[in-house]
Amino acid sequence: ILSAQFVNSGSKIISVGYDSSVISWQLNDEMIFERELWEIDCPFTKQYLDELPVLNINNNENILTFEEQLKQEKINKQKKDFEPVLGEIKDELKTLRTNYNIIRDKAETASELEKLEDAELIVDSKQYESLLNENENEINKIRKEIKYENIGKQLISRRIKEQCWDLMKEKLQMVKGIKSDKQVTTFPILSHH
């Protein structure tokens, strides 16, 4: 702050900074001054402000205003507070890159059947979970088809057994010798009810 002055009413202070900013400061109503307030002319007249460059006010556009300085300080503090988290994220990314490169190298050296395209190497965990769910749904669909196919085969097998095997008077039997390789089979005979 280059200069500060009470406003005639004594309820505000006006300040001028080296960055050419003019700030009005509202005073607390509970403030009590031990001295009397004298009414004086505000020094912030055009003539007074024109004389300020003599006091080294730099009109360079690169100089931050008070508000910009506060914002910049806040940003710098947030950056400093975020540095440990940023370090962890960088380490995790480094690990992911290393793992990805290992997997890609394995895919390149794999046989044609096992080989994966670059697009098939999934890094995105959401996409990975989505594909896992999609695969699980497909597996469940195939399991259901196989289940019904097996039920159908069991039904056909039971009907064949009921209509052929169970209706036979003499079932097919085979006797094999213990000491010789000879076999004796009986022929099934259909029973007549």
Side-chain angles (χ1 to χ4, degrees), residues 1-7 11-31 44 49 52-161:
I1 294 178
L2 175 66
S3 177
Q5 184 70 42
F6 280 98
V7 176
S11 63
K12 292 183 180 180
I13 296 177
I14 303 287
S15 65
V16 176
Y18 282 102
D19 59 358
S20 300
S21 63
V22 177
I23 300 175
S24 173
W25 303 85
Q26 183 71 32
L27 297 178
N28 189 341
D29 291 338
E30 298 172 3
M31 293 181 80
F44 302 125
L49 292 174
L52 287 179
V54 176
L55 300 172
N56 293 328
I57 291 183
N58 191 346
N59 291 330
N60 188 349
E61 292 179 13
N62 295 331
I63 294 178
L64 300 177
T65 64
F66 179 71
E67 183 180 359
E68 291 171 336
Q69 287 175 353
L70 288 177
K71 284 181 183 177
Q72 189 62 42
E73 287 173 9
K74 190 173 184 179
I75 290 170
N76 290 340
K77 183 182 180 308
Q78 287 176 343
K79 282 182 181 178
K80 186 177 179 183
D81 292 344
F82 187 68
E83 282 179 9
V85 176
L86 185 61
E88 290 175 14
I89 292 171
K90 285 181 179 179
D91 291 342
E92 189 175 337
L93 279 173
K94 186 177 180 181
T95 304
L96 284 173
R97 277 191 196 105
T98 304
N99 291 342
Y100 178 78
N101 288 333
I102 291 170
I103 292 170
R104 197 178 72 213
D105 291 344
K106 283 183 181 179
E108 287 175 1
T109 59
S111 67
E112 282 300 315
L113 185 61
E114 296 172 328
K115 200 172 225 175
L116 295 173
E117 300 290 326
D118 282 344
E120 295 175 309
L121 296 175
I122 299 168
V123 178
D124 185 3
S125 60
K126 288 182 182 177
Q127 182 183 6
Y128 174 72
E129 289 174 10
S130 170
L131 287 175
L132 277 182
N133 290 337
E134 189 178 311
N135 287 346
E136 188 65 33
N137 291 339
E138 192 66 30
I139 288 170
N140 288 336
K141 182 178 171 184
I142 292 171
R143 279 184 184 149
K144 196 172 186 180
E145 289 175 9
I146 291 172
K147 177 182 173 185
Y148 289 130
E149 189 177 314
N150 286 340
I151 289 172
K153 287 180 181 178
Q154 289 172 357
L155 180 64
I156 291 171
S157 171
R158 192 176 81 227
R159 285 184 182 162
I160 290 174
K161 182 179 179 278

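These numbers come from a predicted model, not from an experiment.
Interatomic distance, CD of Glu129 versus CG of Asn133, reported as 7.5 Å (0.5 Å rounding). The CG atom of Asp81 lies 9.0 Å from the CD atom of Glu83; values are rounded to the nearest 0.5 Å. Going from atom CD1 of Ile75 over to atom CD of Glu68 covers 10.5 Å, rounded to the nearest 0.5 Å. Atom OG1 of Thr98 and atom CD1 of Ile103 lie 11.0 Å apart (nearest 0.5 Å). Atom-to-atom distance recorded for Asn137:CG and Leu132:CG is 11.0 Å, nearest 0.5 angstrom. Interatomic distance, Leu96 CG to Ile89 CD1, rounded to the nearest 0.5 Å: 11.5 Å.
Residues Asn150 and Gln154 bring no donor and acceptor atom of their side chains to less than 3.5 Å of each other.
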Steps toward side chain to side chain contact (heavy atoms under 4.5 Å, CB included) verdict (Ile23, Ile14): CA-CA 6 Å; Ile23 300 175; Ile14 303 287; over 6 Å; no
CA sep, side-chain torsions, deciding dist, call: Gln72, Asn76, side chain to side chain donor-acceptor pair (under 3.5 Å): CA-CA 6 Å; Gln72 189 62 42; Asn76 290 340; 3.3 Å; yes
Residues Glu149, Lys153; criterion salt bridge (charged side-chain N to carboxylate O under 4.0 Å, His left out); working and verdict: CA-CA 6 Å; Glu149 189 177 314; Lys153 287 180 181 178; 3.5 Å; yes
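Within a 6.0 Å radius of CD in Glu92, no more than 12 heavy atoms belonging to other residues, nucleotides or ligands are found.
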